[in-house]
Amino acid sequence: MPQLSVIVYGPNAQGHLTELLDSLEARPLADAEVIVAAVGDWARETAEGHAPETVVVPLPESTGDAAARAAGAARATGRWLHFVHAKDSLPAGAPRLIAERTTELDATDGTAADVLVFDHVTTTWQTAAGPSRDGRLLAAVGRESLPLDEAADLLRLTPLLGNRALRADFWRAHEERLTTDDEPHAAHAALLHAGRVACLNQVAYENRELRPESLPPLAPEDRFALIDRYESLLALAKDRRAARAVLYDLMMRDLVRTFAGENLPDAVAREFFHRASLAAVRWRPEHHERPAGVEGVRHALLEEGAYTKYRAFQAANRTRRAAKKAVRTRKKQVGAKLRDQQYRRALTHPVDPNLAVFAAYWERGVACNPAAIAAKLRELAPHIHPVWVVSKSNEALLPPGTDHVIPGTRRYWETLATAKYLVNNVNFPNAVVKRPDAIHLQTHHGTPLKRMGLDQMEHPAAAKGLDFDALLARIDKWDYSVSANSHSTRMWERAYPARYTSLDHGYPRNDVFYSATAADVRAARERLGIAPGKTAVLYAPTHRDYEAGFTPRLDLAALADRLGEDTVLLVRAHYFYGGAASPLTGLRRSGRIIDVSSYDPVEELCLAADALVTDYSSIMFDYANLDRPIVVYADDWETYRTTRGVYFDLMTDHPGQVARTQEELTEIFASGAWRDESAAKARAAFRRRFCEYDDGRAAERVVRRVFLGEPEESLPPVIPLEERTPAPTPEEASA
């Protein structure tokens with residue numbers, strides 16, 4: 001009996017079934033079967049042309065989605081069922097993720113889930129793999145199987161059958177209630193009938209929205225089905241207070257949106273409003289409070305059945321919004337014109353040869369390569385005055401005495417207009433003019449594993465609407481681009497094609513990895529509260545473009561338990577299991593987990609750590625300078641590689657051991673493999689490739705070349721890797 005049955009159903013809409021079956025065939029899974037409930041000859045012929053292991057269930061052209069799902073499920077032998085519409089797709093590795101999570105659920109005693117819900121991306125006829133908003137809801141529930149009454153907000157997940165898997169026994173027990181062509185109804189009903197629901201906060205489905213103009217038009221009366229759906233669901237949840245409250249909120253939201261957004265004939269609109277009003281009153285929960293503001297007024301008028309008043313309110317609201325928008329637009333135009341005039345006047349002033357502007361991470365503060373360059377500038381060229389650009393919200397975090405400007409202020413524009421040196425690890429605003437006698441220094445902030453710049457054009461989900469023409473205009477202003485290795489140099493030239501000079505001098509922020517002393521390492525650990533003799537493991541995952549929020553990819557409590565009392569986890573992430581009831585609270589109190597998500601500088605965390613666990617973050621390239629163990633935790637490598645795009649295969653060219661599951665990660669540490677000979681060999685090859693120019697003198701080379709104008713041949717040469725001495729390890733520092 002396979003763990004998972006992937007049931008593909010429906011017609012070969014616009015030929016997308018071919019792509020779906022190709023992706024399933026490219027990555028077969030031993031513990032899964034593929035069944036195609038093929039509607040129509042084209043779907044049947046497409047399915048029969050694929051892997052012989054695929055089970056094809058031919059169905060007549062007129063077969064609806066519900067009947068196709070039922071026909072596919074009848075042939076399924078798996079413990080769990082995943083219904084995938086023929087127009088949709090599955091990210092690389094999705095069946096494996098679902099099979100592994102359901103296997104884990106099957107091993108749970110007494111709390112087995114009937115439904116597993118997971119995240120998805122959406123592709124349209126114009127965009128590809130856009131992230132959903134479901135990630136935060138999934139993360140809030142965590143990995144425990146819960147009754148729906150304890151996690152009613154899961155009803156707010158996008159109602160697709162494709163973003164949930166159903167236990168086969170559960171499906172067969174409730175098949176009649178779940179067999180409907182109204183997919184949102186079936187998706188919600190599955191949760192309402194389930195004994196328990198579990199979550200997988202990872203992307204395991206790609207929903208494809210077809211262009212409405214390519215589909216048969218809806219009759220105006222078809223909108224009434226929305227009301228019928230919610231009335232049926234609310235009846236199903238009538239004795240479940242939490243679920244009913246959520247469904248009522250969703251109904252009111254969708255009724256109001258449909259009425260406002262659809263251009264319905266007046267007779268249909270009146271009938272829709274009338275039926276919606278009856279449903280709003282009939283199903284309103286006791287003590288329900290309407291939302292505040294305009295939305296609350298809409299709800300009140302709908303409940304009152306005041307069609308004429310509602311239409312008048314809509315018209316008045318449109319007029320009011322238009323007037324406010326006009327006022328805001330005018331204010332912005334006046335403000336922008338004033339700032340532009342001030343900036344243009346400042347551009348007529350001479351460039352100050354002793355003024356340098358520094359910025360990092362979109363005005364976050366003194367950090368990264370710009371900070372290391374500014375520090376070396378004080379030593380080698382104290383006559384050059386540095387001014388930092390910092391946002392208002394981060395102003396209080398600046399080191400005392402730091403001269404700075406706030407974006408948008410008059411001094412900000414005057415400083416940008418007259419400074420000879422402009423240093424940033426991202427980019428300055430598009431409006432900044434490149435003066436002929438000014439020098440723009442781009443430092444970057446990592447070695448590229450993921451696709452960057454123009455290479456993102458092939459990955460629109462990652463680019464997220466990036467204006468590539470504006471990007472080209474920005475890089476044309478660069479005079480210099482700092483690089484840590486020849487890989488970066490080549491990738492920057494490809495991703496950012498322009499006439500800048502590449503400074504193959506190393507990353508200044510990594511100098512500290514060669515200059516830090518044993519006392520510095522001990523002091524860093526003391527500041528973090530790491531007790532002497534403890535092994536500190538830094539866990540630093542990166543951001544996923546395809547996720548709405550941060551995903552806790554590891555059960556840190558379980559990991560800490562397995563690693564033992566003598567290991568401390570330094571967790572650098574956006575947020576983890578927040579709140580007083582967090583399962584990590586006790587571990588934090590015991591000092592076995594230290595939240596370093598907001599700790600700066602990150603280089604100090606690296607100095608304090610005995611080992612690094614990361615996924616695809618560029619921190620691995622910097623940490624490799626310390627020649628300490630690195631473990632890659634790549635549970636979603638296929639999805640990341642496909643969605644974001646990468647420059648090399650990390651599974652082949654890795655800096656140490658690689659784990660694909662938490663069990664593998666735990667075993668790597670428990671067995672000592674994290675620091676064995678094979679890990680050291682992989683790390684040595686990784687260091688040769690990616691620590692090429694980092695030797696502790698990068699900042700000096702940059703300052704001498706850019707700010708003091710010294711020729712390249714007179715700069716300190718890069719020390720060969722075998723002759724470098726990294727900062728002492730924590731074990732060495734404590735000896």
Side-chain angles (χ1 to χ4, degrees), residues 4 6-24 34 36-37 39 43 64-66 68-69 72 81-95 97-98 115-138 154-166 178 180-191 199-215 218 226 229 250 254 257 459-462 464 544-549 551 636 638-640 642-644:
L4 181 68
V6 179
I7 300 170
V8 179
Y9 66 95
N12 191 3
Q14 300 178 10
H16 292 299
L17 176 60
T18 303
E19 306 163 35
L20 171 58
L21 295 180
D22 283 345
S23 68
L24 286 168
V34 177
V36 182
V39 174
D65 284 349
R69 287 195 296 269
L81 311 179
H82 183 204
F83 294 105
V84 180
H85 198 283
K87 69 176 176 60
D88 294 335
S89 185
L90 293 175
L97 285 173
I98 299 170
V115 178
L116 171 68
V117 290
F118 35 84
D119 205 352
H120 71 284
V121 293
T122 296
T123 291
T124 73
W125 60 99
Q126 293 176 308
T127 62
S132 78
R133 297 182 179 181
D134 293 346
R136 296 181 188 278
L137 295 170
L138 295 166
L154 290 179
L155 288 165
R156 301 185 190 276
L157 294 172
T158 307
L160 304 168
L161 277 175
N163 65 3
R164 53 209 71 195
L166 311 182
L178 301 178
T180 169
D181 284 334
D182 184 350
E183 183 181 4
H185 183 283
H188 278 132
L191 296 181
C199 296
L200 170 65
N201 190 10
Q202 290 180 246
V203 172
Y205 196 71
E206 181 177 356
N207 174 47
R208 179 177 281 106
E209 293 182 358
L210 303 179
R211 189 166 184 250
E213 288 79 5
S214 70
L215 302 173
L218 290 174
L226 177 67
R229 175 201 304 163
L250 293 174
D254 289 348
R257 286 181 180 177
H459 300 273
K464 293 182 179 177
R544 270 87 168 150
D545 300 284
Y546 49 84
E547 290 181 347
T551 302
D636 63 338
E638 289 80 8
T639 303
Y640 186 87
T642 302
T643 306
R644 174 70 212 212

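Of all the heavy atoms in A204 and P91, the pair that sits closest is C-CD, 3.7 Å. Contact detail for A86 and G10: the closest heavy-atom pair is CB-O, 3.9 Å. Contact between A13 and L210 at its shortest, heavy atoms only, is CB-CD1, 4.1 Å. Minimum interatomic distance between L160 and N163 (heavy atoms only, all atoms of both residues): O-OD1, 2.6 Å. Across all their heavy atoms, L97 and V203 have their closest contact at CD1-O, 3.9 Å. Minimum interatomic distance between L161 and E183 (heavy atoms only, all atoms of both residues): N-OE2, 2.8 Å.
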Full working for side chain to side chain contact (heavy atoms under 4.5 Å, CB included) between R208 and E19: CA-CA 12 Å; R208 179 177 281 106; E19 306 163 35; 3.4 Å; yes

Run L20 and D88 through side chain to side chain contact (heavy atoms under 4.5 Å, CB included) and show every step you take. CA-CA 7 Å; L20 171 58; D88 294 335; 5.8 Å; no

Given the rule in the side chain to side chain contact (heavy atoms under 4.5 Å, CB included) test, do L178 and L166 qualify, once you have shown the distances and angles that lead to the verdict? CA-CA 11 Å; L178 301 178; L166 311 182; 4.3 Å; yes

Test L24 against V8 for side chain to side chain contact (heavy atoms under 4.5 Å, CB included), laying out the working first. CA-CA 11 Å; L24 286 168; V8 179; 4.2 Å; yes

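Using a distance-only test at 3.5 Å, with no hydrogens or angles considered, a donor-acceptor pair links the side chain of D134 to the main chain of T158. The backbone N or O of L138 sits nowhere less than 3.5 Å from a side-chain atom of D119 that would complete a donor-acceptor pair. When atom types are taken as modelled, the side chain of R69 and the backbone of T180 share a donor-acceptor pair closer than 3.5 angstrom. A side-chain donor-acceptor contact under 3.5 Å links H188 to the backbone of L155.
Rounding to the nearest 0.5 Å places CG of L90 at 13.0 Å from NE2 of H120. The distance from the CZ atom of R164 to the CG atom of L191 is 4.5 Å, given to the nearest 0.5 Å. Here CG of D254 is found 7.5 Å from CZ of R229. Values are rounded to the nearest 0.5 Å. From Y205, atom OH reaches atom NE2 of H85 across 7.5 Å, with rounding to the nearest 0.5 Å. Taken from CG in L137 to CG in L157, the straight-line distance is 5.5 Å, to the nearest 0.5 Å. D182 contributes atom CG, which lies 8.5 Å from atom CG of L226 (distance to the nearest 0.5 angstrom).
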